[in-house]
Enquirer: 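Sending over a structure as structure tokens; questions will come in a sec.
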Amino acid sequence: MAEVHLWSGLRSLADGKEMVEVPGATVGQVLDSLVAAHPGLEPALQRGVSVAVDGQIVPNSRNHPVDPDSEIFLLQKLAGG
Amino acid sequence: MALDGQKTAYKYIGTTPDRPDGLDKVTGRARYGADISMPGMLHGAVLRSPHAHARIVKIDASKALALKGVKAVVTRADFPDGLDGEDWNLQENCMAGEKALYDGHAVAAVAATSPLIARDAVKLIEVDYEVLPHVTDVDAAMKDDAPVIREGAADFSVPEGLHPNVVRYFDSGRGDLDKGFAEADLIIERSYTTEAAHQGYIEPHACLGQMGEDGRGELWVCTQGHWFVRRMSTAVLGIETTNIRVTPSEIGGGFGGKTTVFIEPLSLALSRKTGGKPVKMVMSRNEVLRATGPTASASMDIKMGMTKDGKITAAHGTFRMQGGAFPGAPVDVTTMLAFANYDIENVHHIGYDVITNRPKQAAYRAPGAPMAAFATESTIDELCRELGLDPIDTRLKNAAREGTRATFGPKFGPIGLVETLEAAKTHPNYSAPLGPNQGRGVASGYWMNWGGETSASVAISEDGTVTVSIGTPDIGGSRASMALMAAEAFGIPYEDVRVNISDTGALGVNEPTHGSRATYASGLATIRSAEDCIGKLCKRAADKWGIDPEAVIWEDGCAKPSGPNAGEFPPMSLAEIAGEMGSTGGPISGHFEDSPAGFSGSFGTHVVDVEVDPETGRTTILRYLVVQDAGKAIHPAYVEGQFQGGAAQGIGWALNEEYIYGEDGRLQNPVFLDYRVPVASDLPMIDTVIVEVPNPGHPYGVRGVGETGITPPLPAVANAVREATGKRICNLPLRPSRVLAAIQGKG
Amino acid sequence: MSKQHITATVNGDEVEFLCDTRETLLDCLRDHAGIMGVKEGCGTGDCGACSVTLDGRLVCSCLVLGVEADGAEIGTVEGIAEGEKLHPLQRKFIEHAALQCGICTPGILVAAKNLLEKNPDPTETEIRYWLAGNLCRCTGYDKIVRAVMDAAAEMREAS
Ligand code: FES
Ligand code: FES
């Protein structure tokens, strides 16, 4: 199970949890499991989030692999100038 | 992604050859957005709202249409209904619907046989407005009695009880703030504001669109990202994305402001209405300032605690930002990066995205980061001053490094903040003597950079050169960088590489040149495409020699047998293989497509010396130093150029640049005389030090460098003015009147 | 509105065009004479992208009416090189990476050439004040000023 850390604005949508453990071998699967466990997160994830897997931000990569002991952070959606 | 296998000895990388487009640009031949004409071309012009907020009761274009030479008028009625989300925002911003939402909002557009006729026709369009109350200030827009700009614009994140103008809410943090502040020997709390600043690219937006009755067509446009233009323009018009082929012109600056659309869908709509005649549209500077996106303005409260020996124990920031009449102020990034320079255990950020009657903000170099840096780095400076600590030593003590858990969550990989601070500390500028009324300021800044959707291809040509095709427009010399990376990868001279920026018909989707991604992502794609080619070149040599392709290696621009066992054959150069390729299996090319995830952020530290005239309050920049981590500088002269340009823009934002709205809600300074960007006589030489902490996620170690440089100048200049005058000014810009008032105790 | 017939010399060549009395010299050069090296950054005399010489004087062509150019000698960036041979300023701008996007470059080259004709040995400060009417948003001016100083030095040596 990967550890997914939520920023505080998301915690109220996930029963107040800072960290949620969900299954998934890819970023996409993890996000899907997250929504299945906490449907309240759906609008936030739909608006777009960036995902950091073990320190590396992986944009637009639902297929990026996730290890069982990976540390995942959801971040605000990023862009640039 | 490990450093293993990353090159460290280079032949071409790190040299500074002439850029391939240099000759065209010094002779006036380079073709920018407004420089193209087509047979039968019409000229477009836009009618813009003079009101900050008004209901559009009626538009009567009959007089305009009666003018000789006028071929079409479009209003919102010519665009489809039913869009939602950001597509609706774009459409609404390109052409007002029920209401004009800001001074300068497009209300109608005309196509005519000459620019003069088009402008005359615009004046003949009659619009009945019902003027509504307006609000342009972020704090005012959150008050209970503020006019509501749009009901229902807020998303799920906004807590109940806030004004409908608050459209997004952010809350992030970790640790125990109470505990952190209890551990501090000194706590400082301050409120800060920054004003909206415009990207100020010298080339106004310009495009030439052509679209037939069948909804197919093409667009020539100055943009940072033509696939974005394609997607956005077709979304606004409600047609299929690939109906339009978009060709990027040379681009006269963008800095984030040319990653969206304004006039492009209008030119296509006008063209369709005239039966497919090409329509050229060029904005005036007045239109650029009133109706394209400046950055957000910000109002911020910071509270930080520090121990006597300089350890930051806790940090709290509240950031209120307005990004015009639509959601999108970069509060998300502001909150993420506000304290990201430092290793802080107890940290909390709150952000509000607020809508006002101003133009829709657009990205501007490191969007969201400079405002936060101004607030947090000013506060740290104040803490250092009161505790008698050196600002660089204190930053070193708290600096994020490899393995630090960032204030936004994940752990940092290899990063170069410490290296920039150390280089700044030993630079002669940091110990240069200061005179009366002079002061020195230090600040650091960060941008996390970006990878983004990237598609590139490299073709071997029959004359032994290679042609690189990328999809990121070249704003600051990136074709030179691509050519250097291709030369390095192939082992052929720089002069033997050609670089094209392809149109949307020639490559897969590419995100714009934004997020400091071009040299990183298109560079990576160029190198990988070259490697793809090299495999095929080796195969041709192997076929010729009748040996296994595995037994062929590529070295110094030649295919060679990998060792004595592979056989004895003289090396075959790229040119030799290319010369015969027509008869050995046909063309050879390589490709690469990805959203590369190996990007890594760039930290910078700036040191500035100023002199403040006590009579007038005018600030003069005496010395300026930029130290920044480039990972690996491909073309160091253009890396320095990014550092210097970013610093100059930040200095402008700190000292002079601001959007000034009158009581009437109209922009008071939509002209370069009054929206004052730095000129040559405002600045000294800008000293640079390139730090290189390689990024393991790029074959040559590249980090993007474009954006970080605008972040430290705002606080660095304010900190220097603080030292020169003894006054902490928490509101930018530090225009002379404001500084004088502070010196005289009236601030 | 009737148009005026204008005859002018642009970069040594005679050019004729019909111009509306409201059109600026900048409009006429670009739209009627096809001289696209002259750029419009503001149209209000504040950015210098449209710099040309008018009978040897440096002007913003957006502040001159087309009709005022009748009989005048106009110099633009297209006339700076002598045939195939680049002007030292042009070479030094490329060499010093004194342009990023390059939209300001034509105006700055015209202005800098005009400066060096009057003052072959300008100080850094003189260059900065002379070019204060030419905005560059990309470079922070550092490399532009260096390129002008270097070109001036080379030209002094050559003469
Ligand atoms: S266009 Fe003439 S000065 Fe700007
Ligand atoms: S190089 Fe872009 S404005 Fe000067």
Side-chain angles (χ1 to χ4, degrees), chain A residues 2-21 26-28 30-31 34-35 38-67 69-81, chain B residues 1 85 155-157 159 168-174 199 224 254-257 259 295 330-333 335-336 348-351 362-367 403 406 408-413 447-453 511-512 514-517 594-600 697 704 706-707 710:
Chain A
E3 282 182 11
V4 185
H5 296 261
L6 309 175
W7 76 75
S8 32
L10 293 183
R11 291 172 206 163
S12 57
L13 308 171
D15 308 324
K17 294 206 181 102
E18 189 278 327
M19 196 267 283
V20 184
E21 282 192 281
T26 64
V27 167
V30 166
L31 293 179
L34 203 54
V35 170
H38 300 283
L41 285 169
E42 191 164 10
L45 298 189
Q46 259 172 7
R47 184 175 75 185
V49 292
S50 295
V51 181
V53 181
D54 299 324
Q56 177 64 56
I57 297 170
V58 289
N60 330 323
S61 293
R62 282 181 60 88
N63 295 340
H64 191 89
V66 170
D67 293 333
D69 58 347
S70 278
E71 181 187 76
I72 297 176
F73 277 84
L74 297 191
L75 307 173
Q76 325 279 5
K77 193 174 169 190
L78 307 172
Chain B
M1 298 226 297
D155 76 4
F156 69 93
S157 63
R168 293 188 302 161
Y169 174 80
F170 300 92
D171 180 326
S172 64
R174 66 155 179 254
Q199 298 82 353
Q224 290 173 247
F255 316 111
T259 55
T295 184
V331 207
D332 31 14
V333 177
T335 53
M336 258 184 69
H348 201 117
H349 329 76
I350 290 175
Y364 180 25
R365 210 168 195 154
F408 52 88
K411 284 192 180 148
F412 281 114
W447 183 252
M448 67 287 193
N449 289 330
W450 193 236
E453 287 183 84
E511 273 185 41
H514 72 166
S516 298
R517 74 177 211 92
D594 195 8
S595 292
F599 58 92
S600 177
E707 295 179 273
I710 198 174

Enquirer: Under 4.5 Å between any side-chain heavy atoms of A:Leu75 and B:Pro410, yes or no?
Expert: yes
Enquirer: Main chain of B:Ser600, side chain of A:Gln56: is a donor-acceptor contact present, judged purely on distance under 3.5 Å?
Expert: no
Enquirer: Which bit of B:Phe408 is near chain A, if near means a heavy-atom gap under 4.5 Å: side chain, backbone, both or neither?
Expert: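 Its backbone and side chain both get close to chain A.
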Enquirer: Check whether any side-chain heavy atom of B:Met336 sits under 4.5 Å from a side-chain heavy atom of A:Trp7, and report yes or no.
Expert: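 They are not in side-chain contact.
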Enquirer: Do you know which of A:Glu71, A:Glu18, A:Arg47, A:His5 has the most heavy-atom pairs under 4.5 Å to chain B?
Expert: A:Arg47
Enquirer: Go through the atoms of B:Thr295 and report whether side chain, backbone, both or neither lie under 4.5 Å from a heavy atom of chain A.
Expert: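 No part of B:Thr295 comes within 4.5 Å of chain A.
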Enquirer: Any chance you could lay out the side chain to side chain contact (heavy atoms under 4.5 Å, CB included) test for A:Ser8 and B:Arg174, step after step, and finish with the verdict?
Expert: CA-CA 8 Å; A:Ser8 32; B:Arg174 66 155 179 254; over 6 Å; no
Enquirer: Which atoms of B:Asp594 are under 4.5 Å from chain A, going by heavy atoms: the side chain, the backbone, both sets, or neither?
Expert: neither
Enquirer: Below 4.5 Å from any heavy atom of chain B, which atoms of A:Ala52 appear? Answer side chain, backbone, both or neither.
Expert: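 Interface part for A:Ala52: side chain.
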Enquirer: Any side-chain heavy atom of B:Val333 within less than 4.5 Å of one from A:Gln76?
Expert: no
Enquirer: Drop me the distance from B:Phe156's CZ to A:Ser12's OG, to the nearest 0.5 angstrom.
Expert: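 So the gap between those two atoms works out to 9.0 Å.
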Enquirer: With a 4.5 angstrom heavy-atom cut-off, could you sort out which part of A:Leu74 is near chain B: side chain, backbone, both or neither?
Expert: neither
Enquirer: Heavy-atom cut-off 4.5 Å, strictly under: side chain, backbone, both or neither for B:Gln199 against chain A?
Expert: neither
Enquirer: Side chain from CB out, backbone as N, CA, C, O: work out which of these in B:Ser157 comes under 4.5 Å of a heavy atom of chain A, or both, or neither.
Expert: side chain
